[in-house]
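For reference, the structure is listed below as structure tokens.
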Amino acid sequence: MDVISSIAQKIVISPSLPYTVAMDYHHRAIERKWQQFWADNRTFRVSNASDKPKYYVLDMFPYPSGAGLHVGHPLGYIASDIFARYKRLKGFNVLHPMGYDSFGLPAEQYAIQTGQHPAITTEANIARYREQLDNIGFSFDWEREVRTSDPLFYKWTQWIFMQLFNAWYDKSRDCAVPIDKLVAHFETHGTQNVHAVCDEDTHFFTADEWKAFTDGEKQRELLKYRLAYLRESTVNWCAALGTVLANDEVVNGVSERGGYPVEQKKMMQWSMRITAYAERLLKGLETIDWPEPLVEMQRNWIGKSVGASVRFAVPALGDRSIEVFTTRVDTIYGVNALVLAPEHELVGALTTGEQKAEVDAYIAQTKKKSELDRMADVKAVSGAFTGSYAAHPLTGKDVPIWIADYVLAGYGTGAVMAVPSGDQRDYLFSSHFGLPIIPISDAQQLDGQADPTKEGRYINSDLINGMTYAEAVDTLITKLESIGAGKAMINYRMRDAIFGRQRYWGEPVPVYFEGGIPRLIDEQDLPLLLPEVDKYLPTETGEPPLGRAKDWKYHGTFDYELSTMPGWAGSSWYWYRYMDAQHTEAFASKEAIGYWKDVDLYIGGSEHATGHLLYSRFWNKFLKDMGYVMEEEPFKKLINQGMIQGRSNFVYRVLDGEGKGTNTFVSHGLKDDYRTIALHVDVNIVSNDVLNLDEFRKFRPDFADAEFILENGKYVCGHEVEKMSKSKYNVVNPDDIIEQYGADTLRMYEMFLGPLEQSKPWNTNGIEGVYKFLRKFWKLFHDAAGNLAVSDEAPSKAELKALHKIIKKVEEDVERFSFNTSVSSFMICVNELTDLKCNKRAILQELCVVLQPYAPHITEELWELLGNASGTLSYASYPAFNPSYLVESEFAYPVSVNGKTRMNLTLPLDLAQSEVEKAVLENEDLQRYLEGKPVKKVIYVKGRIVNVVV
RNA sequence: GCCUGGAUGGUGGAACUGGUAGACACGCAGGACUUAAAAUCCUGUUCGCCCUAAAGCGAGUGCGGGUUCGAUUCCCGCUCCAGGUACCA
């Protein structure tokens, strides 16, 4: 009677529940109970002091957008949570925090449209995110939460900026050094023996000259050395948005967001001297365990080339010369021209009167071209002769000077020496303009194209004739250095990072101006709070939004810097704040940093490869140079989770003779018989590609009386993989999945979908299998009436084998981040135990521990039902694997003939090879396949296979 | 163009160091239970041939070759897909 009434009750409470007889496993009640328990008991609070070894599992923290989490966002968080929970069971003190990268454009755009302060929008979005995250049962220590837009957080972002401002990079020591040391050096030795990474226009001066400088002159000079510095840079200025955009925010010459035109504009901008760290950023890649494509991307981004810089004198210009960078100094005798970027500073001076018209026309044409579209870049060769000649540094011969747009102003010196025999671009250029093409190696094959080979011996090359590549390079560098015409040089593609945005919703730069000189505010005045403004738009005079703040002056008199920091500022150091999120004396205490040191495992998307991950490594190295942190690299191991794509569903509306839509829809399998148009349909009313017709009528009231042509009584939808977006009706909210199936099912299903690193479309088909698994698991502990029924009997051999198989499997899988295979193995284990009718406490209790990282709620509940203290499962011990339970005495060998499997033969594992051969060859069934042919050889691999070769 | 991944049933995927390809799950088909449906349980499910069936035979991991007793796995050549990057001297 009780059972029946409880069923009845269940039906009343949850009429929408698909499985009304699920009287046993009530995921809603269980999950709510444990989430509350963990919060109330601060179960996942972690201490900065422990006898246990430390382990730091970090997720890339989200930007809290207004749309909330969709089902793709938590993929990485689930994986890292499984890993963190597993490490806790393995006896580690695990730091597993979460926070928000809460400065950013969408909140500001919303503020521009609605006038609502971005802080309010952000606060609401964070609350929504938190609720959604809590629903999934993550084991985050929320007491360490950080928000980059919180003044208590950005105080330290500003503080780090101040340290960067107050530092320079000393190449002799190969590290950053406080600027005071540079000032002290200037006072005693001037610029002598200063090896700094600095601007190109620094002056040389003696100690006396330095001392004679005014304070303003000193500051101006020092700015050229600081790691955070102000300089005029060409930026992507978007007038419509009133801001500067990063290169990756500009697509095809228009802004990625909104598609507004973008122009190149010179502006004074804060920059970060990341190029000082180029070599260390490159070297460090060898010491970290990151996915190869990511390492490769950073390597390409840094773009190191080893070569030489060579100076070509230009007699017509007196003492001025053209400097080129080349990676192939060995080809210098093959030079037939110098080619400059049209923007090169010497172009004006070099152009002769005769050539002026042509050159000007060409420059005008290039400008238009770059404005138009670089994507429409045809391989057309173009260029113009300046009329001037340079002198070849070794032969003294005249080398014509050209300009062409295939030479980029921003790379190297903006000028190249053209060697048509060795470089394809130079070859095309030379053949187009009829310049001579001189072979320089006896191994070169110039049949219509350049040959960049380094093999062979040099010819037509005077000084290096007959030499090999290595000999030639050494000889030439030595020679060029001795005549002052060149030197070995390393060039990097990476540029210094622009660090200012003309935006409101970001960290204010803690700088004010006094007589045009930027100065830091006093440390005691941190944080420099974002001022209130009446509108979140640039001022009428084109100044950033902060220019609207009333009476916003340092000490009431000095103007503040009006740009704010870029989106990556806060995320470049946030993982240290988690170590000691409440600390007030520093960004984290020395003790906390000394204990946690670095991130052991970092999980996030590969889209941050060259942004966040590069800048974070840079700031980390800087903080280490200054003695604030301990490790050269912040993220020891990194895993990229794949992107979850959308999977859209379609219905097919039949078209009439004129191509107009009718009120009839045809099922996917029959649509080829009709003229149809595909319409997106909400994936949430489609199950296994079968459309719920009633829901469809509600979804599209305009089709309430539509007719449906069905197949097998069903309307089957078509599907396609697209981006997940509202307009495509393919967004799935994790909350809906959790409501229907529970968080444990969601967690396991997201893992079950496939390898973590792989991108895949979200598809709810198949989630039932995981839900069924959890109910089956629950049933192991209960009798048919739903009462706990666990036996204390000793487990059987088969039961122990099933348990220890999964203990081993999960251990191996988690360590190699293969979470999908664990889920399958759990299913196999529960299937086996169900077949064995196993209800032994000794088995089930350990199984709870093994499954806990994947399905923490159901296992906590069962753990408690088994009589364990409530909520102690998170810190239980992972069961020890005992291989003896897996030992087999015999094995069913697949017996193959010439590699083709023909039969199975069960044999004891301790047989000697000769005995196995005998048993196999004497087998009657085998004779059929041998067809009387003589046996050449028998391959026997113990516990694997027997192969008879005839 | 270059760099990095990837391609396995109707679907998601498994096979970890060369050793029974398709585990596990979805879907589908059939059956049990039920007045019925849902849920649950059971059976089958790579394809082709043969066939009442059982059994059997053949093919098969994008395509073409190779190494090997044995290849989804290693080597060579190609096709397609995804991500990154692009006159980088």
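Within every chain, numbering begins at 1; the chains are lettered A, B, ... in the order of the sequence lines, protein sequences first and strands thereafter. The shown structure was predicted, so the numbers you read here are calculated from the model rather than taken from an experiment.
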Tell me which nucleotide among [options] gets nearest to the side chain of [X].
X	options	answer
Arg493(A)	rC24(B), rU85(B), rA89(B)	rU85(B)
Lys772(A)	rA89(B), rC26(B), rA14(B)	rC26(B)
Arg775(A)	rC69(B), rA89(B), rA39(B)	rA39(B)
Tyr411(A)	rA89(B), rC3(B), rU40(B)	rA89(B)

Please determine whether a side-chain nitrogen or oxygen atom of [X] lies at a distance below 4.0 Å from atom OP1 or OP2 of [N].
X	N	value
Asn820(A)	rA14(B)	yes
Arg647(A)	rG12(B)	no
Asn831(A)	rA25(B)	yes

So, taking the atom named [atom1] in [X] and the one named [atom2] in [Y], what distance separates them when rounded to the nearest 0.5 Å?
X	Y	atom1	atom2	answer
Phe817(A)	Ile639(A)	CZ	CD1	4.5 Å
Ser421(A)	Ile438(A)	OG	CD1	7.5 Å
Tyr333(A)	Ile440(A)	OH	CD1	11.5 Å
Met903(A)	Asn923(A)	CE	CG	3.5 Å
Gln444(A)	Ile437(A)	CD	CD1	11.0 Å
Glu292(A)	Met297(A)	CD	CE	10.5 Å

What distance, rounded to whole Å, do you find between the two [atom1] atoms, one in [N] and one in [M]?
N	M	atom1	value
rG58(B)	rU68(B)	P	24 Å
rC81(B)	rG27(B)	P	32 Å
rU73(B)	rU8(B)	C1'	12 Å
rC47(B)	rG22(B)	C1'	12 Å
rA29(B)	rU34(B)	P	23 Å
rU52(B)	rC16(B)	P	42 Å
rU4(B)	rA86(B)	C1'	15 Å
rA14(B)	rG62(B)	P	14 Å

Please name all residues satisfying side chain to side chain contact (heavy atoms under 4.5 Å, CB included) with [X], sequence neighbours left out, ordered by chain then number.
X	answer
Ala308(A)	Val329(A), Ile477(A)
Ala892(A)	Thr906(A)
Cys717(A)	Asn649(A), Val651(A), Val681(A), Val686(A), Leu691(A), Tyr715(A)
Val823(A)	Met748(A), Met751(A), Phe752(A), Met827(A), Tyr854(A)

At under 4.0 Å between heavy atoms, what does [X] touch on the DNA or RNA strands: base, sugar-phosphate, or nothing?
X	answer
Asp426(A)	nothing
Asp689(A)	nothing
Val949(A)	sugar-phosphate
Val407(A)	base
Arg902(A)	sugar-phosphate

Non-neighbouring partners of Phe650(A) that pass ring pair (Phe, Tyr, Trp, His ring centres under 6.0 Å), sequence neighbours left out: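 Applying ring pair (Phe, Tyr, Trp, His ring centres under 6.0 Å) to Phe650(A) gives His680(A).
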My understanding is that only residues two or more places apart in sequence, or in another chain, count here; which of them pass ring pair (Phe, Tyr, Trp, His ring centres under 6.0 Å) with Trp290(A)?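 Result, ring pair (Phe, Tyr, Trp, His ring centres under 6.0 Å) vs Trp290(A): none returned.
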Quick one: what's the B/S/- string for nucleotides 5-10 of chain B, heavy-atom cutoff under 4.0 Å, read 5' to 3'? ------
Detail all sub-3.5 Å separations between protein N/O atoms and N/O atoms belonging to nucleotides 15-20 of chain B.
from    : atom 1 : to        : atom 2 : distance (Å)
rC16(B) : N4     : Lys809(A) : NZ     : 3.0

Nearest whole Å is fine: how far is rG22(B) P from Ile828(A) CD1?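 Taking CD1 of Ile828(A) and P of rG22(B), I get 13 Å after rounding.
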Between atom CG in Leu428(A) and atom C1' in rG1(B), what is the gap in whole Å?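 That distance rounds to 13 Å.
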Check: Tyr940(A) ring centre within less than 6.0 Å of Tyr893(A) ring centre: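 For Tyr940(A) and Tyr893(A), the ring centres are under 6.0 Å apart.
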Which pairs, with at least one residue in residues 414-432 of chain A and sequence neighbours excluded, count as a salt bridge (Lys or Arg N to Asp or Glu O under 4.0 Å)?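 Applying salt bridge (Lys or Arg N to Asp or Glu O under 4.0 Å) to every pair that reaches into residues 414-432 of chain A, excluding sequence neighbours, yields Asp423(A)-Arg425(A).
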Does rG9(B) count as syn, meaning its glycosidic angle lies within 90° of 0, or as anti?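 The base of rG9(B) is oriented syn (glycosidic angle within 90° of 0).
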Sequence neighbours excluded and cut-off under 3.5 Å, please list the side-chain donor-acceptor pairs for residues 486-493 of chain A, or say none.
from      : atom 1 : to        : atom 2 : distance (Å)
Tyr492(A) : OH     : Glu279(A) : OE1    : 2.3
Arg493(A) : NE     : Asn300(A) : O      : 3.3

Base-paired stems that RNA chain B participates in, counting runs of 3 or more Watson-Crick or G-U pairs under 3.5 Å: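 Only these stems qualify: B:1-7 with B:79-85, B:10-12 with B:24-26, B:27-32 with B:40-45, B:46-49 with B:56-59, B:62-66 with B:74-78.
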Just checking, any donor-acceptor pair under 3.5 angstrom between side chains of Tyr411(A) and Ser305(A)?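 Tyr411(A) vs Ser305(A): donor-acceptor pair found between side chains.
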Going by number, which of residues 745-756 of chain A have a non-hydrogen atom under 4.0 Å from RNA chain B?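 Output list: Phe752(A), Leu753(A), Pro755(A).
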